[in-house]
Amino acid sequence: MVSRVFRMETGVDKERLALLRSRLAATNTAASPAIRALRGTVDDQEVPLALWALDEAGGLAAGLAAHTWARWLHVDYLWVDDRHRGAGLGSRLLAEAERVAREERGCRNSRVETWDFQAPGFYRNQGYDLVCVIPDYPEGVKEFTLTKRLA
């Protein structure tokens, strides 16, 4: 057996990160028929989706930031200002994001991560199913992953 010595480095290097992403994508494409079939299609493009609810003065009352990829809607952020909670803004924003994802982008499913002190109950009330709980992420907090079938 040949012993090899590797030098380890830390630090952000944009060129190496691009190379890393490229090589991982190539490895994943070679290993998975499903990923291979996805590559080069419109569904392989990560497309941002953002929705805003503005108050009478034009201020931000609520917002949703998401993206679609591989026929999935991924909700990254959903926030409603304290003054406007209970008015249905979160439900309306999420429903519209799901509609756009389903009708305009062909998405079949949606996913979201939320912490235990945030909104797991809200997403369950919107038809999402709990698929994963990660304890202590960060320490003392649970992270929930929930999904919903859109089509």
Side-chain angles (χ1 to χ4, degrees), residues 10-29 32-151:
T10 61
V12 177
D13 180 317
K14 289 182 182 181
E15 289 180 23
R16 286 182 183 165
L17 286 172
L19 181 59
L20 175 65
R21 279 192 295 273
S22 172
R23 289 188 178 173
L24 180 59
T27 299
N28 291 345
T29 300
S32 169
I35 296 295
R36 194 166 37 256
L38 181 64
R39 294 292 187 229
T41 69
V42 68
D43 294 327
D44 193 28
Q45 302 300 312
E46 189 173 299
V47 181
L49 173 61
L51 299 164
W52 314 106
L54 306 176
D55 62 21
E56 295 91 16
L60 184 62
L64 181 146
H67 66 275
T68 55
W69 177 77
R71 295 189 182 178
W72 277 81
L73 168 66
H74 188 132
V75 178
D76 298 307
Y77 307 109
L78 173 57
W79 172 83
V80 178
D81 187 285
D82 288 339
R83 297 171 294 163
H84 304 294
R85 292 203 176 141
L89 284 176
S91 299
R92 289 172 53 200
L93 286 170
L94 184 59
E96 179 62 7
E98 292 171 353
R99 186 200 65 75
V100 169
R102 182 182 57 254
E103 294 177 12
E104 298 177 18
R105 300 187 184 183
C107 291
R108 297 178 179 168
N109 300 285
S110 179
R111 65 175 284 167
V112 63
E113 292 86 24
T114 188
W115 284 319
D116 56 359
F117 63 87
Q118 287 181 320
F122 166 79
Y123 289 107
R124 286 184 179 135
N125 289 338
Q126 305 306 311
Y128 283 72
D129 296 314
L130 180 65
V131 295
C132 177
V133 178
I134 302 174
D136 290 324
Y137 186 77
E139 191 170 324
V141 176
K142 291 178 188 169
E143 182 184 77
F144 295 85
T145 300
L146 300 103
T147 62
K148 180 180 179 178
R149 185 94 172 124
L150 298 180

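This chain uses plain numbering: 1 for the first residue, then up along the sequence.
Of the possible donor and acceptor atoms, one in the side chain of Trp69 sits under 3.5 Å from a partner among the backbone N and O of Asp44. Side chain of Lys142 to backbone of Val133: no donor-acceptor contact under 3.5 angstrom is found. For Ser22 (side chain) and Ala18 (main-chain N/O), no donor-acceptor pair under 3.5 Å exists by modelled atom type. At least one donor-acceptor pair under 3.5 Å links the side chain of Arg105 to the backbone N or O of Val47. Although no hydrogens or angles enter the test, the distance criterion places no donor-acceptor pair under 3.5 Å between the side chain of Asp136 and the main chain of Pro138. Proximity of a side-chain donor or acceptor of Thr114 to a complementary backbone N or O of Ala119 within less than 3.5 Å is detected.
Counting heavy-atom neighbours within 6.0 Å of Arg99 CZ, excluding the residue itself, gives a total above 12.
A 4.5 Å side-chain heavy-atom check between Leu49 and Leu73 finds at least one atom pair inside the cut-off. At a threshold of 4.5 Å between non-hydrogen side-chain atoms, the residues Phe122 and Leu78 count as touching. A 4.5 Å side-chain heavy-atom check between Thr145 and Arg111 finds at least one atom pair inside the cut-off. Residues Trp72 and Thr147 form a side-chain contact, since some pair of their non-hydrogen atoms from C-beta on lies under 4.5 Å apart. Between Tyr123 and Leu94 the shortest side-chain heavy-atom distance falls below 4.5 Å. Looking at heavy atoms from C-beta onward, His74 lies out of side-chain contact with Glu46 at the 4.5 angstrom threshold. Using a 4.5 Å heavy-atom threshold, the side chains of Leu64 and Trp52 count as separate. Using a 4.5 Å heavy-atom cutoff, the side chains of Val141 and Asp116 are in contact.
For Trp115, the ring-ring contact (aromatic ring centres under 6.0 Å, His included) partners are Phe117, not counting sequence neighbours. In terms of the ring-ring contact (aromatic ring centres under 6.0 Å, His included) criterion, Tyr77 has no residue partners (sequence neighbours excluded).
Salt bridge absent: Arg102 and Glu104 never bring a charged side-chain N and a carboxylate O closer than 4.0 Å.
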Check the pair Tyr128 / Ser110 against side chain to side chain donor-acceptor pair (under 3.5 Å), numbers first and verdict last.
CA-CA 8 Å; Tyr128 283 72; Ser110 179; 2.7 Å; yes
Kindly determine whether Leu89 and His84 satisfy side-chain contact (heavy atoms from CB on, under 4.5 Å), including the steps that lead there.
CA-CA 8 Å; Leu89 284 176; His84 304 294; 3.7 Å; yes
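Separation of atoms CZ (Arg21) and CG (Asn28) is listed at 13.5 Å; rounding is to 0.5 Å.
Side-chain contact annotation: Thr29 with Arg39, donor-acceptor N/O pair under 3.5 Å present.
Asp55 and Ala61 get closest at one heavy-atom pair: N-CB, 4.2 Å.
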